Amino acid sequence: MFLIAQSHLALILEFAILVHIGILLLLNFIPLSLSIVLLLSLVVGVGITLLFGFDAISLMLPFLSHHEFTHPYGPIAIVATISAWSILPMMKETGVKITNLKIFIALLIIAIAIFGGMVHRDFIIMLAIGLISGFFIISKSFRKKSFVDIKTILLLVVGVLLLFGLFELISQVLNMEILSPMSRITRMDTNVLPSLKMVLNGATATGHTANSTYWGAAGLGNSDGYISLPLTFVTLFCLPFPLFYGVLVTKKDVIDYFLPGIYGFGFDFGYIALIFIIAWILLVIIVGLKILYKYREKREQGDNRYIGREALLIGSLSGFIAQTILGFFIINRTINGSALVTFIIISALIMSNVVSTKR
């Protein structure tokens, strides 16, 4: 019985441990050659582009409901495209022509940005962070001059603003408020202060005061479901956790949608748990960069056994950094629910490189 999770936090921890062990075993069982990583990256990239495109079209057609694929699959899109892009320098060094492949990956990134941005404007910010992180890591890994400088960052910022402006224009012309970035900003402006008040007045070292939540005195004081894995995970195993359904989702939105993750995790699990979560995130990034440095050394010494893992690690680090920054410091919807599953999987993709079997 002690292995059965008794709260949302326990379920998240147990799920994370199982995923990290599973992916570690899987990636050490499957030989990750450069061609396999490239093929998987392109297949996943094309698949996510089609998913995002379908979701964007669903916004325009009244008989279709959109699914908001950008939250769970947005970071995976970054992992796939940056992993594929990091392979280009390796292919170029062997004399392979990469022009057509480079154009194809660039078109994928553009399509993902447009379709994903139509559904959620915050995805464009995450994609921009992922691209900046990825291109910077690639330049360091291959000892090339980085084109990620102040000028490039400013161009990306201008590009994001122009894309926001385009969506605002389309929303005004078609009278579709759902596409308007300004309407989202207005909603956040209206709800941020009440959300902050709820968190700051209720958060404690180990959770929150019961009366500060929607559940009132019936609240658990910890793991009340503001931060959780997908509700289907809870209902599948018939776990007796508090869940937000129907109109209750609007109550969860007070924290889930309108506050950065540091507030959501701190409120639902307490400041102590938040400190451990931040420590784990820093550990994952530091370990990933250290291993990437070792992969580069082996590649430069002529050992090509790890170049596939190196490419996947570059993409995973980029996706993890982008999701962390957006989820913890801007809007925690991108690191909650189904997106939390993605966050755990990408973390496992990075940490799986700690162990490598010899073949």
Side-chain angles (χ1 to χ4, degrees), residues 1-26 67-69 71-73 75-76 195 198-199 202-259 261-281 284 323 327-328 331-349 351:
M1 288 295 293
F2 69 95
L3 292 176
I4 299 176
Q6 300 299 311
S7 68
H8 285 287
L9 179 58
L11 179 63
I12 291 169
L13 291 174
E14 289 185 9
F15 177 79
I17 291 170
L18 290 174
V19 168
H20 278 73
I21 294 173
I23 290 182
L24 185 148
L25 295 174
L26 179 64
H67 299 80
E68 301 187 351
F69 291 124
H71 289 320
Y73 300 124
I76 298 294
S195 303
M198 176 180 178
V199 170
T204 66
T206 57
H208 48 260
T209 56
N211 290 327
S212 64
T213 68
Y214 173 79
W215 312 105
L220 301 177
N222 182 287
S223 294
D224 271 318
Y226 290 97
I227 303 295
S228 68
L229 293 174
L231 301 187
T232 51
F233 281 30
V234 180
T235 56
L236 177 65
F237 299 103
C238 302
L239 299 173
F241 303 162
L243 299 175
F244 288 85
Y245 281 118
V247 71
L248 291 180
V249 172
T250 62
K251 302 296 183 181
K252 182 181 180 182
D253 275 351
V254 173
I255 289 179
D256 181 30
Y257 198 87
F258 299 108
L259 283 183
I262 54 172
Y263 295 105
F265 281 82
F267 178 83
D268 212 20
F269 305 137
Y271 294 129
I272 295 176
L274 178 62
I275 291 171
F276 277 102
I277 292 168
I278 293 174
W280 173 256
I281 289 171
V284 170
Q323 190 176 10
F328 270 85
I331 172 175
N332 85 71
R333 177 64 65 86
T334 58
I335 205 170
N336 198 1
S338 54
L340 182 56
V341 175
T342 299
F343 188 69
I344 292 171
I345 290 173
I346 297 177
S347 169
L349 286 174
M351 296 303 288

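Remember, it's a predicted structure, so these values are computed and weren't measured experimentally.
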For [X] and [Y], which heavy atoms make the closest approach, and how far apart are they?
X: Ser347; Y: His20; answer: OG-NE2, 2.9 Å
X: Ala210; Y: Ala217; answer: CB-O, 4.3 Å
X: Gly266; Y: Ala203; answer: O-CB, 4.3 Å
X: Lys252; Y: Ser228; answer: NZ-OG, 3.6 Å
X: Met198; Y: Thr213; answer: CE-CA, 3.9 Å
X: Val199; Y: Leu259; answer: CG2-CD1, 3.6 Å

With side chains defined as the heavy atoms from C-beta onward, is the minimum distance between [X] and [Y] less than 4.5 Å?
X: Leu229; Y: Val234; value: no
X: Phe244; Y: Asp256; value: no
X: Pro230; Y: Val341; value: yes
X: Leu243; Y: Thr235; value: yes
X: Asp253; Y: Arg333; value: yes
X: Trp215; Y: Pro242; value: yes

### Message
Taking CZ in Phe343 as the centre, count heavy atoms belonging to other residues, nucleotides or ligands within less than 6.0 Å. Is the count above 12?
### Response
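Yes, CZ of Phe343 has more than 12 neighbouring heavy atoms, counting only those of other groups under 6.0 Å.
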#### Entry: Heavy atoms of other groups near Tyr263 OH, more than 12 under 6.0 Å
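It does not: Tyr263 OH has 12 such atoms or fewer within range.
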Find the distance between [atom1] ([X]) and [atom2] ([Y]) and round it off to the nearest 0.5 Å.
X: Leu340; Y: Phe15; atom1: CG; atom2: CZ; value: 8.0 Å
X: Ser223; Y: Ile12; atom1: OG; atom2: CD1; value: 7.0 Å
X: His71; Y: Ile335; atom1: NE2; atom2: CD1; value: 12.5 Å
X: Ile227; Y: Phe269; atom1: CD1; atom2: CZ; value: 6.0 Å
X: Leu349; Y: Leu24; atom1: CG; atom2: CG; value: 11.0 Å

### Query
Pick from Leu9, Leu274, Ile278: which one makes a side chain to side chain contact (heavy atoms under 4.5 Å, CB included) with Phe265?
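Of the listed options, the one satisfying the test is Leu274.
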Donor-acceptor pair, distance only, cut-off 3.5 Å: does the side chain of [X] make one with the backbone of [Y]?
X: Asn332; Y: Ile262; result: no
X: Ser195; Y: Val254; result: yes
X: Gln323; Y: Thr334; result: yes
X: Thr342; Y: Tyr73; result: no
X: Asn222; Y: Thr206; result: yes
X: Asp224; Y: Leu220; result: yes
X: Asn336; Y: Tyr226; result: yes

### Task
Any chance you could lay out the side-chain contact (heavy atoms from CB on, under 4.5 Å) test for Ile281 and Phe328, step after step, and finish with the verdict?
CA-CA 11 Å; Ile281 289 171; Phe328 270 85; 3.4 Å; yes
### Task
Kindly indicate, with the supporting measurements, whether the criterion side-chain contact (heavy atoms from CB on, under 4.5 Å) is fulfilled by Trp280 and Met351.
CA-CA 11 Å; Trp280 173 256; Met351 296 303 288; 4.0 Å; yes
